[in-house]
Each structure stands twice: as structure tokens, then as C-alpha cells.
Amino acid sequence: MLRAAAAFLLLSILALVSAVPSVTFDYAPNSRASRYGMQTTDPIRAQGESGDSDSWVSSFGRPGVASPAMIAKIVEPPTFFIKNGRLMAYVNQTSILYVNVIDPADTPAPSGRSPVRPGLFAVEFAEKQEGMAGEFFWVQDVLNFSRKRLPPPLKKNQPFQLQPGEKMVWKDGKLIQVGENNGGLWWACGTRHGENGAWGRSLYVNFANHNVRNRRNPDGCQAVTLRSTASEDD
């Protein structure tokens, strides 16, 4: 009798577990990610021009809640992965947040959205994909963003011909159109207090001339590169 009751209880537990919905994520990098791309979820380190590298990409909101992205010195930064050119923030086994690039001036701004900065596009965490239909990708360990989807890699010895007025460059096996890619340069702007209790700077991107000699930093902004920590474990 006791064995029968125990067997019944075990079957009930198994039935309950099987009824709970689950989400399976593919953490492998997209087919054009470099060898330094994230194989699993990893934090993204922000490195300033002065060499300061103890800040991380995070969110002004509470963990798992849609909000603008921030660069801050925090103890437990969120982790990220790229899939099909989309950068996603891992929340838990059944939840992720999209990392979107938006124009704050053209996007309806509920409370907490990024401040408008002329010529800059804001980076934000959201529950759905919105904003630019571009593509995140790695050039070695540096995170880049193209405002347009990248063309597929050319096959070996496959010729290509530029159209009049087009300028393209190759980087790590990718054909990148000049002016459509941020060149791995991001902007950390202003300072404000987040709902997570941390002080941080809002994260932006643009697609202007990134030549160091000719570049003019936007007012109140510091240039940063965003780097994968996966290479640190090699």
C-alpha cells in the first residue's frame, strides 16, 4: 500500500513538471561571428579611451525589466548572447530581453526612455524587437552594429563589383559598408541614477566618421568600445 502511494506521488510530480512550459535558447553565435563571439551568455565590458575597463553594459531598470541601457560599475552585470544578428540579454531559463537600437526622437517615449541627443541612437532593453532592423556582430572581441543587415560572406574566390558611389571594406571575413556601421565605437553619455540603485551613463551609437583624428565627441559623451569577455577565458 505504501509503495503504491509513493509510486502515485512520483507519477503526479512527473506529470506536473512535464506540464510546465519551457523555453530553449540557442546560445551559439551566429554563422558570421568571429571566434571570440559568445559561445554562451557572457557580460559585456565597456572600455573607455583612457583604458578604464571596470564598467559593464547593464540596464537602468530592475533585472528583467525593459529600460534604457547603461554603462556602469556594477558587481553582477547581465549576460548577453547574439543570435541571428540580434543581441539579447539573458534573464532566466524562460525569459530574455531584446537589445534594440532606436531613435528616441522618432519612438514613442514612455516614462524612463533614453533622453534625446541629436545625431545619436539610443540602446535599450525591450520585451520585443523594435527600432533599427540592423545587425550586431563581433570583429574579434569588439561589438559592432550595422544599421543594415550584413550581406552573406562571399565564397572563396567569388568576385564582387561595387556599384557607383558604394564604398565597402572587409573586416574579419565580413563585407562592411562604410557609413552603415558604427566601427565598434559607442557613446556613454550623461550620468543618472537607475532603478537598480546604480549610477551610470546612457548608451548611444551613431554612424558618423569615427576616425580618431577627425572625430568630435558629442557633448557630454565619452567614447567606449564594448568587448566580449569570452576571449578572456581562452
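Just so you know, residue 1 is the first one in the sequence shown, and it goes up from there.
Asn182 and Arg147 are not linked by any side-chain donor-acceptor pair at a separation below 3.5 angstrom, with hydrogens and angles left out of the test. If you check the side chains of Ser202 and Ser114, you find no donor sitting under 3.5 Å from an acceptor.
A continuous path of ILVMFWY side-chain contacts below 4.5 Å connects Val99 to Val91, so both sit in one hydrophobic cluster. At a threshold of 4.5 Å between side-chain heavy atoms, the hydrophobic network of Ile, Leu, Val, Met, Phe, Trp and Tyr places Val142 and Val224 in two separate groups.
The CD atom of Glu124 sits 10.5 Å away from the CZ atom of Phe60 when rounded to the nearest 0.5 Å. Taking CE of Met70 as the reference point, atom CZ of Phe125 lies at 10.0 Å (rounded to 0.5 Å). Going from atom CG of Asn206 over to atom CZ of Arg117 covers 12.0 Å, rounded to the nearest 0.5 Å. Atoms CD1 and OG, on Ile71 and Ser55 in that order, are 7.0 Å from each other to the nearest 0.5 Å. We find the CZ-CG distance between Phe136 and Leu143 to be 6.5 Å, quoted to the nearest 0.5 Å. For the atom pair CD (Glu135) and CG (Asn84), the distance works out to 8.5 Å, reported to the nearest 0.5 Å.
Aromatic ring centres of Phe207 and Phe121 lie closer together than 6.0 Å.
With hydrogens and angles ignored, the 3.5 Å screen pairs no side-chain donor or acceptor of Asn100 with any backbone N or O of Gly131. For Asn181 (side chain) and Gly183 (main-chain N/O), a donor-acceptor pair under 3.5 Å exists by modelled atom type. Asp141 contributes no side-chain N or O that, together with a main-chain N or O of Leu226, makes up a donor-acceptor pair within less than 3.5 Å. Side chain of Ser67 to main chain of Gly61: a donor-acceptor pair is present (N/O by atom type, distance under 3.5 Å, no hydrogens or angles).
A 4.5 Å side-chain heavy-atom check between Asn144 and Trp138 finds every atom pair outside the cut-off. Residues Trp186 and Thr225 form no side-chain contact, since every pair of their non-hydrogen atoms from C-beta on lies 4.5 Å or further apart. Two residues are said to be in side-chain contact when any heavy atoms from C-beta on lie closer than 4.5 Å; Phe80 and Pro43 fail this criterion. You'll find the side chain of Trp56 reaches within 4.5 Å of the side chain of Arg45, heavy atoms only. Annotation: side chain of Val123 is not in contact with side chain of Phe145 (no heavy-atom distance under 4.5 Å). Side chains of Ile44 and Thr229 form no contact here, defined as non-hydrogen atoms less than 4.5 Å apart.
Among residues at least two apart or in separate chains, there is no salt bridge (charged side-chain N to carboxylate O under 4.0 Å, His left out) pair with a member in residues 198-208.
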field: side chain to side chain contact (heavy atoms under 4.5 Å, CB included) assessment of Glu127 paired with Leu97
entry: CA-CA 5 Å; Glu127 296 178 355; Leu97 288 175; 4.0 Å; yes
